[in-house]
Amino acid sequence: MPIFRLYDTLSRKVRPLEPLEPDHLRFYTCGPTVYSYAHIGNFRSFVAADLVVRTAKALGWRVSWITNITDVGHLSEDDVADAGGEDRMEKALRSKEGEHFANVWDLAEHYALAYLEDWRALNLSEPLVRPRATQHVREQIVMTQALIEKGNAYETPTGVYFDVDSFPDYGKLSGNTRGKLLDAVRDVVQDENKRQQADFALWKKDDKHLMQWFSPWGWGFPGWHIECSAMARAYLGDVIDLHSGGEDNAFPHHECEIAQTEAYTGRPFSRHWMHVRHLQVEGEKMAKSAGNFFTIRDLVAQGHDPLAVRYALISTPYGRPFNFTMQLLRDAAANVGRFRECERRIRAAGVDPLAFVEESGADELGRELAEDYAECLAAMCDDLNTSVALAKAVEGAKAILRVPSLDEANARSAAWFLRKVNELLGIVRNDAPLDPVPDTGSREIEGRPIEEWVAERTAAKASRDFDLADSIRAKLAEAGIELRDTPAGTEWSALG
RNA sequence: GGCGCCGUGCCCAAGCGGUUAAGGGAAGGGUCUGCAAAACCCUCAUUCGGCAGUUCGAAUCUGCCCGGCGCCUCCA
């Protein structure tokens, strides 16, 4: 088994990912704030986390993966401000889309459900638990209270703040240490209630807030950073193996999480930190405020295959600059199509492509595929080198397609390969499709089953009436049905 | 000011000191086909942003220069 190496933001180098408990990865990924639809940039980061999970499982590890849903509308400048921030949920509720919702709770629920749909469409693994911040306010309060008692936090008229000076390691993740922070080119909002401008909120006092809870400090709501500290600890314990998020999370969010948790437990919080680089779209920076972002549902509505979207999103390793383009999506679709064609051939050989095949066969194809898969896994263990991993996966697919006619042994080896590749990369088929398998039998065009049209065309071909045959093919194509003449007869499939 | 990434064929992209510079897309040619589609086969960088240097040997290491970009602000 190859060694799983991953770039670690904290030590700034590629290091083996070594779980504290052998073969059991405890992994926390920062999830989205559900105040609008998640976009492909969010999903680049979630897919990268999913690939860590898949790789770890391929190595035979047990994986306890936790990824949260932030359904509290935090202040936008939690780390620096009291007054300058604006609540994201409340802002969303006041927006045009917000008119559809009765209140912030409804709004959060709607976008949380949409997020889960997109998650499944992209074939992401299911985490062990998907906690919501609103369901863990108690833990956040308990932790905040303990930090006050330990002397790491203090109460002011407006809330409870973490005292950054009480944690000398502050800045070790991002390089934004206390001294350097002062030089940062940021518009820091001053707040006379805080001892230091870098101190960040653990609790905000606010009895007017749309979401509020009662605490030892009165009515209010928790700070943003404390939720992840509390939830990670609740499910994974004091020390976790890996923590991931988008690169923007490194500072302030993760820096603050480290400060809170390590001050609280006296132990290192996460042994490994992973940050996913933001993507661009057609060469432009993508941001919600710029409005130039794609959501998964946008792309699906345009007719793109979610698996092609996933393929495109992982075509460049997670830490590199990545430019998402329509051209890239087309390139990806071509390769996803190869896997589909492989499944067709396997089925044609009389083997169910979904059947569980334990091992690749001893046939020549099986040996070749076993090699391709080993290289694919090795690439993933090399800091998730998805470019190479995909190349190996495609190499295997081409090896399958190169065989003029698969025999049963070939087909079983091919089925094994596709299963293994799909478990590792999730690009062959959706593991847990929400939609039932496309209705291959019941569709009708102009009131006639597709099979009848196909039969009529076959008859027309036999009597060399190619004009009629071609007109039928054109009619079906218009309805999104693609025909394919094979030695075994005419097959049809619905286009993307 | 801090932290970091990248410049490889028409496009995307691997490559981390040493055989013929992976792979995909596009393009051109071919096989198959009534014609298509799909699939397969072939062709497609003496060269890796530039200039020095280290080395027996560099796309790969060092320095400088040129160019593109990200985060530190809503945002993954």
Side-chain angles (χ1 to χ4, degrees), chain A residues 7 9 12 14 29-33 35-36 38-49 76-77 79-81 84-86 88 91 171 173-177 179-189 244-253 255 275-280 283 285-290 293 311-312 315-323 325 327-328 330-335 337-338 340-342 344-345 375 379 382 385-395 398 400-404 461 464-467 469-470 473-474 477 482-487 491 493:
Chain A
Y7 182 83
T9 310
R12 292 173 178 62
V14 178
T29 296
C30 286
T33 301
Y35 65 100
S36 74
H39 52 68
I40 56 174
N42 299 87
F43 276 101
R44 165 136 121 132
S45 130
F46 302 142
V47 172
S76 54
E77 292 172 25
D79 58 316
V80 292
E86 186 168 19
R88 291 199 276 267
K91 190 178 172 188
L173 181 70
S174 62
N176 283 330
T177 52
K180 288 171 181 169
L181 255 185
L182 298 175
D183 298 330
V185 286
R186 354 192 283 165
D187 293 325
V188 176
V189 177
S244 82
E247 63 179 323
D248 60 313
N249 282 154
F251 187 88
H253 187 51
E255 198 73 76
H275 292 96
V276 181
R277 185 158 179 177
H278 281 15
L279 57 67
Q280 291 186 287
K285 173 184 162 78
M286 181 174 79
K288 284 183 180 175
S289 56
F293 62 91
Y311 191 112
S315 61
T316 298
Y318 72 92
R320 302 245 175 144
F322 175 62
N323 185 16
T325 63
Q327 179 60 248
L328 183 65
R330 283 190 288 273
D331 293 357
N335 282 312
R338 275 209 170 85
R340 295 241 163 82
E341 180 63 18
C342 285
R344 243 175 251 135
R345 303 265 184 107
E375 288 176 8
D382 180 18
N385 191 336
T386 43
S387 297
V388 170
L390 289 173
K392 297 302 173 188
V394 168
E395 220 165 271
K398 293 188 77 168
I400 293 169
L401 296 175
R402 199 154 34 230
V403 178
K461 280 174 62 183
R464 306 197 66 80
D465 183 354
F466 297 121
D467 286 345
D470 289 349
R473 182 168 61 195
E482 183 183 69
L483 296 184
R484 182 176 295 113
D485 293 336
T486 74
E491 295 175 358
S493 56

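Only heavy atoms go into these numbers, but all of them, side chains included; no hydrogens, no water, no symmetry mates.
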Return yes if some donor-acceptor pair links the side-chain N/O of A:R277 with the main-chain N/O of A:E247 below 3.5 Å, else return no.
-> no
Checking B:C74, B:C69, B:A22 against the side chain of A:Y35 (C-beta onward), the nearest is B:C74
Taken to the nearest whole Å, CG/A:L390 to P/B:C12 is 17 Å
Check your understanding: Distance between the C1' atoms of B:C64 and B:C3, in whole angstroms?
Key -> 23 Å
Have a look at A:R484 and say if it touches a base, only the backbone sugar-phosphate, or nothing, with a 4.0 Å heavy-atom cut-off.
base
Has the side chain of A:D485 got a donor or acceptor that lies under 3.5 Å from a partner of the other kind on the base of B:C35? yes
Distance between C1' atoms of B:C44 and B:U55 (Å, rounded)
34 Å
### Query
Taking the same atom, P, in B:G29 and in B:A38, what whole-Å distance lies between them?
16 Å
field: B:U60 versus B:G18 - spacing of their C1' atoms, nearest Å
entry: 11 Å
| message | Whether the side chain of A:R277 and the base of B:C5 hold a donor-acceptor pair under 3.5 Å is what I'd like checked. | response | yes
- prompt: Would you say the base of B:A26 and the side-chain of A:R330 have a donor-acceptor pair closer than 3.5 Å?
  reply: no
What one should report as the nearest heavy-atom pair of A:A48 and A:Y318 is CB-CB, 3.9 Å
To the nearest 0.5 Å, atom CD of A:E341 lies from atom CG of A:L401 at 6.0 Å
Discussion item. Give me the distance, rounded to whole Å, that separates B:G53 from B:G57 when you measure between the C1' atoms they each carry.
Written reply: 15 Å
Result for 5'-nearest mapping on RNA chain B, choosing between A:V388 and A:R338, is A:V388
Output yes when at least one side-chain N/O atom of A:R320 is less than 4.0 Å from OP1 or OP2 of B:C12, else no.
no
(Q) Heavy atoms only, 4.0 Å cut-off, all strands: where does A:G245 land among base, sugar-phosphate and nothing? (A) sugar-phosphate
The residue, A:Y7 or A:F466, whose nearest nucleotide of RNA chain B is more 5′ is A:Y7
Of the listed B:A39, B:G24, B:G68, the closest approach to the A:V394 side chain comes from B:G24
message: Is there, by distance only and without an angle test, a donor paired with an acceptor across the side chain of A:N335 and the base of B:G25 below 3.5 Å?
response: no
B:G30 to B:C66 separation - C1' atoms, rounded to the nearest Å:
45 Å
Between B:A38 and A:R344, is there an OP1 or OP2 to side-chain N/O distance shorter than 4.0 Å? no
Handout entry: Sugar-phosphate only, base, or nothing, as touched by A:T316 at under 4.0 Å among non-hydrogen atoms
Key = sugar-phosphate
May I ask you to evaluate whether A:R12 reaches the phosphate of B:C3, defined as a side-chain N or O under 4.0 Å from OP1 or OP2?
-> no
Query raised in the report: What integer number of Å spans the P atoms of B:C48 and B:A58?
Result: 12 Å
- Task: Report yes or no: is there a donor-acceptor pair, N or O only, under 3.5 Å between the side chain of A:R464 and the base of B:C35?
- Result: no
Q) Given side chains that start at C-beta, do those of A:T386 and A:S315 come closer than 4.5 Å, heavy atoms only? A) no
Heavy atoms under 4.0 Å, any strand shown: does A:L279 hit a base, just sugar-phosphate, or nothing? base
- Message: Rounding to an integer number of angstrom, what distance separates B:G1 and B:U62 when you compare their C1' atoms?
- Response: 26 Å
(Q) Side chains of A:L279 and A:I40, heavy atoms from C-beta outward: is any pair under 4.5 Å? (A) yes
Rounded to whole Å, CD of A:E395 lies from C1' of B:C40 at a distance of 16 Å
(Q) Tell me whether the side-chain N/O atoms of A:K398 come closer than 4.0 Å to OP1 or OP2 in B:A39. (A) no
Checking the side chain of A:E255 only, and the main-chain atoms of A:G171 only, is there a donor and an acceptor separated by less than 3.5 Å? yes
query: Taking side chain as C-beta onward, heavy atoms only, is A:S45 less than 4.5 Å from A:S244?
result: no
> Across the strands shown, which category fits A:N385 at heavy-atom distances under 4.0 angstrom: base, sugar-phosphate, nothing?
Replying inline: sugar-phosphate
Among B:C40, B:G34, B:C69, the one nearest any side-chain atom of A:R473 is B:G34
Here the distance between atom P of B:G24 and atom CG of A:D331, to the nearest Å, is 11 Å
Atom NE2 of A:H275 and atom P of B:G2 are separated, to the nearest Å, by 20 Å
